[in-house]
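Read through the structure below, which is laid out as structure tokens, and then see the notes.
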Amino acid sequence: MSDVIRIKDLRNRVGQTVSLRGWVCTARSSGKIAFVVLRDGTGNLQCVVSKNEVGESVWEAVKALTHETSVKVTGGVREDARSPGGVELGLTELTILGLSVDFPITPKEHSTSFLFEHRHLWLRSKRQEAIMKVRHEVVQSIRDFFYERDFCLVDTPLLTAAIGEEAGTLFETEYFDLGKAYLAQTGQLYLEAAAASLGMVYCFGPTFRAEKSKTRRHLAEFWMVEPEVAWYDSDDNMRLQEDFVSYVVQRCLERRKTELEVLERDTSRLVPVEPPFPRVSYTDAIARLQDEGRSIEWGKDLGAEDETKVATWSDKPVFVFNYPKEAKAFYMKRNPDDPRTVLSNDCLAPEGYGEIIGGSQREDDHDILLSRIREENLPEDAYDWYLDLRKYGTFVHSGFGMGVERVVAWICGVPHVRETIAFPRQMHRIRP
RNA sequence: UGGGGUGUAGCUCAACUGGCAGAGCGCCUGGCUGUUAACCAGGAGGUUGGAGGUUCGAAUCCUCCCGCCCCAGCCA
């Protein structure tokens, strides 16, 4: 493997002469001195070029540099208070590796549609780099959290027969001679099967919804992490969620300070995110929302504004639990204390970010589950294996799904989930 | 799928009541030895989203189409 020098390591090489490669962020030249700022994904480096100290050919090459040209530079590393970052390179040699002509993204403002049409180039900007690094931290902390707690990763299929929720929201494709297949909306049902084998499991992958949504909280393709735990009831489930969310948030605060600063995130809003989170039942939440002037009736799911309102009741995420069964999926366990509701919960993030988790205890009674499938007019034969799980040693179990992009958006403080994934898939956007 | 906006130079926008299509940035040329989105001077750059219509005259008014943005619903 070649010994590539990265900008972040230059602090340890003061006094040495080094060569490194990168892309030009900005190039400014005066009559006899020029400043070239390079980036390489690990940091930015100011290179200083004095006309007197380099040959004519290097000087001409420096003057020809344009935004995003890739270069190899050689020079002495030195400390200088005038340089951003405190370290700079006294450039003596320059090789242009790949010229960049008329880079479309300039240092001034652009509209969001222009930027997303140039997403492949926009990713190079400092801000997008910071978001990707926070996303990376979120993903790694998710894996670490479950690994440390002895969960077993089980990868669930992305191609499925009709199973999940409603057909209108499924992406459809041809599957050999077996007819139609659909892109997975959730791994949960498969995970329930795995939980009966491994006890504590999770899946983590892309998921697909053909919903024609055009809000700041929706994507057609997004990443969801879904744990499923045998013998956990709804209360255990919420305790797991608050531990999990807190772990991810605190990890980003510890390890991604620099990126959160680039994003100008007010991190004081994230510091309080520690267990326990406040819990309010759906029924109590409706009553309180009505008291606060919201026109919402019992039985309806909370709207976006209602969720934002609920989130203001605390500086932590808030659990709303036990929703009406009509507002929720068929597989959620009926509440024995109030049959109008099911043992479910949403976790609502502060600052208007809304639902980041939806979870529930699962219906473990075969006959009740079957009657729920019939009530919802779901294709019974597609669920035969799912019903089997209730025929052969049924078990109390619970789980939830957390949307990675929503969590990243919340932690970064960015308004729209589309910025939190490298190449967002939306109703009107399939490229780049 | 509803409701509300919007489309003018490469980008972001301006152009009064229908009357010569403009600015900033970027780009090109020249100047400047410590710049931080450098600065100063000059220059190039346009089928006003598309198709029709009204008018002496349309970026502007009318009809249809297309793209995008925001909000809502669906959810994570």
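Just so you know, these numbers come straight off a predicted model, no measurement behind them. Sequence lines set the chain letters: A, B, ... in the order given, protein chains first and strands last, and positions in each chain run from 1.
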Given atom [atom1] of [X] and atom [atom2] of [N], what is their separation to the nearest angstrom?
X: A:E305; N: B:G73; atom1: CD; atom2: C1'; result: 13 Å
X: A:K214; N: B:G2; atom1: NZ; atom2: P; result: 10 Å
X: A:Q188; N: B:C75; atom1: CD; atom2: P; result: 14 Å
X: A:M427; N: B:C70; atom1: CE; atom2: P; result: 13 Å
X: A:F319; N: B:A76; atom1: CZ; atom2: C1'; result: 15 Å
X: A:F330; N: B:C75; atom1: CZ; atom2: C1'; result: 16 Å
X: A:Q426; N: B:C71; atom1: CD; atom2: P; result: 12 Å
X: A:D306; N: B:A72; atom1: CG; atom2: P; result: 11 Å

Looking at residues 406-425 of chain A, who's got a heavy atom less than 4.0 Å off RNA chain B? A:R406, A:H416, A:R418
RNA chain B contacts among residues 27-34 of chain A, heavy-atom distance under 4.0 Å: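 Hits under 4.0 Å, by residue number: A:R28, A:S29, A:S30, A:G31, A:K32, A:I33.
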Pairwise [atom1] distance, [M] and [N] [rounded to whole Å]:
N: B:A9; M: B:A51; atom1: P; answer: 16 Å
N: B:A23; M: B:A15; atom1: P; answer: 15 Å
N: B:U35; M: B:C40; atom1: P; answer: 15 Å
N: B:G52; M: B:U60; atom1: P; answer: 14 Å
N: B:C13; M: B:U17; atom1: C1'; answer: 23 Å
N: B:A44; M: B:G49; atom1: P; answer: 24 Å
N: B:U1; M: B:C75; atom1: C1'; answer: 16 Å

Who are the side-chain hydrogen bond (donor to acceptor under 3.5 Å, both in side chains) partners of [X], not counting sequence neighbours?
X: A:N44; answer: none
X: A:R11; answer: none
X: A:R216; answer: none
X: A:E419; answer: A:Q128

[X] near the nucleic acid: base, sugar-phosphate alone, or nothing, with a heavy-atom cut-off under 4.0 Å?
X: A:G303; result: sugar-phosphate
X: A:I105; result: nothing
X: A:E307; result: base
X: A:K51; result: nothing
X: A:D346; result: nothing

Reckon A:H67 has a side-chain N or O less than 4.0 Å from the OP1 or OP2 of B:C27? no
Closer than 4.0 Å, any side-chain N/O of A:R216 to the OP1 or OP2 of B:C71? yes
Qualifying residues under salt bridge (Lys or Arg N to Asp or Glu O under 4.0 Å), relative to A:R406, sequence neighbours excluded: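 Checked A:R406 against salt bridge (Lys or Arg N to Asp or Glu O under 4.0 Å); zero matches.
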Just to be sure I follow the notation: if a pair is Watson-Crick (purine N1 to pyrimidine N3 plus N6-O4 or O6-N4) or a G-U wobble (N1-O2 and O6-N3), each under 3.5 Å, what dot-bracket string does RNA chain B give, with | for pairs to another strand? (((((((..((((.....[..)))).(((((.......))))).....(((((..]....))))))))))))....
Position toward the 5' end of RNA chain B (nearest nucleotide), A:S50 or A:D102: A:D102
Once hydrogens and angles are ignored, does a donor-acceptor distance under 3.5 Å link the base of B:G34 to the side chain of A:E88?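 Under the 3.5 Å cut-off, the side chain and the base do form a donor-acceptor pair.
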Once hydrogens and angles are ignored, does a donor-acceptor distance under 3.5 Å link the base of B:C75 to the side chain of A:H218?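 Looking at the base of B:C75, it does pair with a donor or acceptor on the side chain of A:H218 (distance under 3.5 Å).
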Could you tell me whether A:D9 and A:R6 make a salt bridge, using a distance below 4.0 angstrom between a side-chain N and a carboxylate O?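 No, this pair does not count.
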With the threshold set at 4.0 Å, does a side-chain nitrogen-carboxylate oxygen contact exist between A:R251 and A:E137?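 Yes, this pair counts.
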A:F244 vs A:F145 aromatic rings, parallel, tilted or perpendicular, using cut-offs 30° and 60°?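 The rings of A:F244 and A:F145 sit tilted, inter-plane angle from 30° to 60°.
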Parallel, tilted or perpendicular, judged at 30° and 60°: which one describes the rings of A:F114 and A:H118? tilted
Can you tell which of A:V73, A:T74, A:V54, A:T17 makes a side-chain contact (heavy atoms from CB on, under 4.5 Å) with A:E93?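 The side-chain contact (heavy atoms from CB on, under 4.5 Å) with A:E93 is passed solely by A:T74 among A:V73, A:T74, A:V54, A:T17.
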Counting side-chain heavy atoms from CB outward, which of [options] is closest to [X]?
X: A:V48; options: B:C74, B:A76, B:G34; value: B:G34
X: A:T215; options: B:U1, B:A76, B:C74; value: B:C74
X: A:E211; options: B:C74, B:C68, B:G34; value: B:C74
X: A:R82; options: B:C74, B:A76, B:U35; value: B:U35
X: A:Q46; options: B:G34, B:A76, B:A72; value: B:G34

Does the gap between the ring centers of A:F151 and A:F204 come in under 6.0 Å? no
Verify the ring-centre separation between A:Y282 and A:W298: is it less than 6.0 angstrom? yes
Quick one: do the A:E53 and A:T92 side chains pair a donor with an acceptor below 3.5 Å?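 Result is no, nothing qualifies.
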Give me, pair by pair, the N or O atoms of the protein and of nucleotides 8-12 of chain B that are less than 3.5 Å apart, along with how far apart they are.
from  : atom 1 : to     : atom 2 : distance (Å)
B:C11 : O2'    : A:E109 : O      : 3.0
B:C11 : O2'    : A:H110 : ND1    : 2.6
B:U12 : OP1    : A:S111 : N      : 3.0
B:U12 : OP1    : A:S111 : OG     : 2.4
B:U12 : O2'    : A:E109 : OE1    : 3.4

Report the residues that fulfil side-chain contact (heavy atoms from CB on, under 4.5 Å) with A:D155, sequence neighbours left out, ordered by chain and then residue number.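 In terms of side-chain contact (heavy atoms from CB on, under 4.5 Å), with neighbours along the sequence ignored, A:D155 is linked to A:L153.
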Residue pairs meeting salt bridge (Lys or Arg N to Asp or Glu O under 4.0 Å), one or both in residues 25-45 of chain A, sequence neighbours left out, come to A:R39-A:E68
If a pair satisfies salt bridge (Lys or Arg N to Asp or Glu O under 4.0 Å) and one of its residues is in residues 321-333 of chain A, list it, with sequence neighbours excluded.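 Pairs touching residues 321-333 of chain A that pass the test: A:K325-A:E375, A:K328-A:D346, A:K333-A:E363, A:K333-A:D364.
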Mark yes or no for whether A:S70, through its side chain, and A:L99, through its backbone, hold a donor-acceptor pair below 3.5 Å. no
Is A:F35 stacked on the base of B:G34 when the test is centres under 5.5 angstrom and planes under 30 degrees? no
